[in-house]
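Lettering follows sequence order; numbering is per chain, from 1. No hydrogens, no waters, no symmetry mates; every other heavy atom, side chains included, goes into these values.
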2 protein chains.
Amino acid sequence: MSDHEQPPLPPNSRLSGDALPPVEQHAQQYETVRNAHETELIEDYVELIGDLLRHRGEARAADIASRMAVSQATVSKMIRRLNELGLVTSRPYRSLFLTEEGHKMAETSRARHDIVLHFLRALGVRDNTARIDAEGMEHHVSDETLAIMRRFTEKHQT
Amino acid sequence: MSDHEQPPLPPNSRLSGDALPPVEQHAQQYETVRNAHETELIEDYVELIGDLLRHRGEARAADIASRMAVSQATVSKMIRRLNELGLVTSRPYRSLFLTEEGHKMAETSRARHDIVLHFLRALGVRDNTARIDAEGMEHHVSDETLAIMRRFTEKHQT
DNA sequence: CAAATAGTTTAACCTTGGCTAACAATTATT
DNA sequence: AATAATTGTTAGCCAAGGTTAAACTATTTG
């Protein structure tokens, strides 16, 4: 196929990263990430709506827009989607509410978020950084890792 | 604005998640994540191309397609983009190569990936899970956290 | 060396998640 | 009550990242 010779592995090749995983495993990694991306935004919206309801008693599209740093039109469109997915109920010009299912998703999402956030803090990451990192990481942490993070945080609590 | 009363904070309210961050901070979190998403895929492709070059001596579109679990057409399109971005050079029907800049990106990306992967392993996460989580997490870990992860891994090395 | 096979590209399409601009409805203010 | 301000919706646009199907190029093999 190729007449290139294999690049000789230097003795310190671990510094240059591990070997390539077998194709199927590698593919599965990327697939998992792609799938996570599909649900990620949905979860973020639902989680935020849950947070707003809990802390403010209501969740208005305008609040979501400013907290997400996104236009109201975008939020409006998104709410329609959440509606179709059966995650929220909405009457125009009224606060949003979560359905049973939406509530469950919000809970799960927030629990994950908190575990990651508290873990990062326990690790010694500064608060603001921890918040940002947690927001990005939360959708990519498996249950297994999550469990380990929770145990770690408990152990390293002040 | 709303006649809803604030939900009373139960004493164990930490279990129910932290307070809402101020709007600007909250917005910044989401913006950071959105920005990460834009570069994420690009970095994944470049990183994979770098890995293939290093381990195989060449990077063919077909290999990328199977390792990413994506159609060849998708890869082809993506390569055009990478070209426009000045990250790879490609002659039709030939192996890809990374430009200077592409090489740098691949290195950085791989370094980050490795730090996260080794950190997860050091934490006690099973290998396959660690791989999957690392793939998703790597683009969302700040330099600060990365540094902490690296130190942790060194300390907890067998 | 011709034919088969493998690899690559292109074209046409779809869905998501942004945007702006224009409009509609509600709520607040005077 | 009229007007102003805020909030929400709709329409039309765009780019990204997927897809399949078809065409084209290169490589391998009979």
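- One can place CZ of B:Arg67 at 17 Å from C1' of C:dG7, the figure rounded to the nearest angstrom.
- Nucleic acid contact class of A:Val75 (heavy atoms, under 4.0 Å, all strands): none.
- With respect to the salt-bridge test (charged N to carboxylate O, under 4.0 angstrom), the residues A:Arg60 and A:Asp63 do not qualify.
- Side-chain contact between B:Val116 and B:Leu146 is present, with heavy atoms from C-beta onward closer than 4.5 Å.
- Rounded to a whole Å, the CD1 atom of B:Ile64 is 16 Å from the C1' atom of D:dG18.
- As a whole-Å value, the separation of B:Asn35 CG from C:dG17 P is 17 Å.
- Side-chain contact, B:Ser90 with B:Asn83: a donor N or O sits under 3.5 Å from an acceptor N or O.
- When the nearest nucleotides of DNA chain C are assigned to B:Asp63 and A:Tyr45 by heavy-atom distance, the more 5′-ward of the two goes with B:Asp63.
- In this structure, the side chains of B:Val141 and B:Phe119 stay at 4.5 Å or more apart for every pair of heavy atoms.
- Phosphate contact (OP1/OP2 of C:dC19, side-chain N/O of A:Ser71, threshold under 4.0 Å): present.
- When the P atom of D:dA26 is taken as reference, atom CD of B:Glu58 falls 15 Å away, rounded to whole Å.
- Atom-to-atom, CG of B:Asn83 to C1' of C:dT10 comes out at 16 Å; the value is rounded to the nearest Å.
- For the pair A:Arg151 and A:Ile148, the minimum side-chain heavy-atom distance is below 4.5 Å.
- A:Lys155 has its side chain out of reach of A:Arg150: every pair of non-hydrogen atoms, C-beta onward, lies at least 4.5 Å apart.
- The ring of A:His140 has its center closer than 6.0 angstrom to the ring center of A:His37.
- If you take CD of B:Glu40 and P of D:dG18, they are 11 Å apart, rounded to a whole angstrom.
- Within the structure, a side-chain polar atom (N or O) of A:Arg60 is placed less than 4.0 Å from OP1 or OP2 of D:dG8.
- When the options B:Met105, B:Lys104, B:Arg110, B:Glu101 are evaluated for a side chain to side chain contact (heavy atoms under 4.5 Å, CB included) with B:Val46, the one that passes is B:Met105.
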List, with names and distances, any nitrogen or oxygen atoms from the protein found under 3.5 Å away from nitrogen or oxygen atoms belonging to nucleotides 22-24 of chain C.
residue: C:dA24; atom: N3; partner: A:Tyr93; partner atom: OH; Å: 3.3

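- The residue A:Arg94 sits close only to the backbone: its heavy atoms come under 4.0 Å of sugar-phosphate atoms, none of a base.
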Distances under 3.5 Å only, N/O to N/O: pair up the protein atoms with those of nucleotides 11-17 of chain D.
residue: D:dG17; atom: OP2; partner: B:Arg81; partner atom: NH1; Å: 2.2

Step-by-step salt bridge (Lys or Arg N to Asp or Glu O under 4.0 Å) determination, A:Arg112 to A:Glu43: CA-CA 11 Å; A:Arg112 253 189 334 195; A:Glu43 286 178 5; 2.6 Å; yes

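- Between A:Arg80 atom CZ and C:dT16 atom P there is a gap of 12 Å when expressed in whole angstrom units.
- With distances taken from any side-chain atom of B:Pro92 to the nucleotides D:dG8, C:dT9, C:dT10, the minimum falls on C:dT9.
- Contact annotation: side chain of B:Gln72 to base of C:dG7, donor-acceptor pair absent below 3.5 Å.
- Per the geometry, CG belonging to B:Leu96 stands 13 Å off C1' belonging to C:dT9, to the nearest Å.
- Interatomic distance, CG of B:Leu96 versus CG of B:Leu53, reported as 7.5 Å (0.5 Å rounding).
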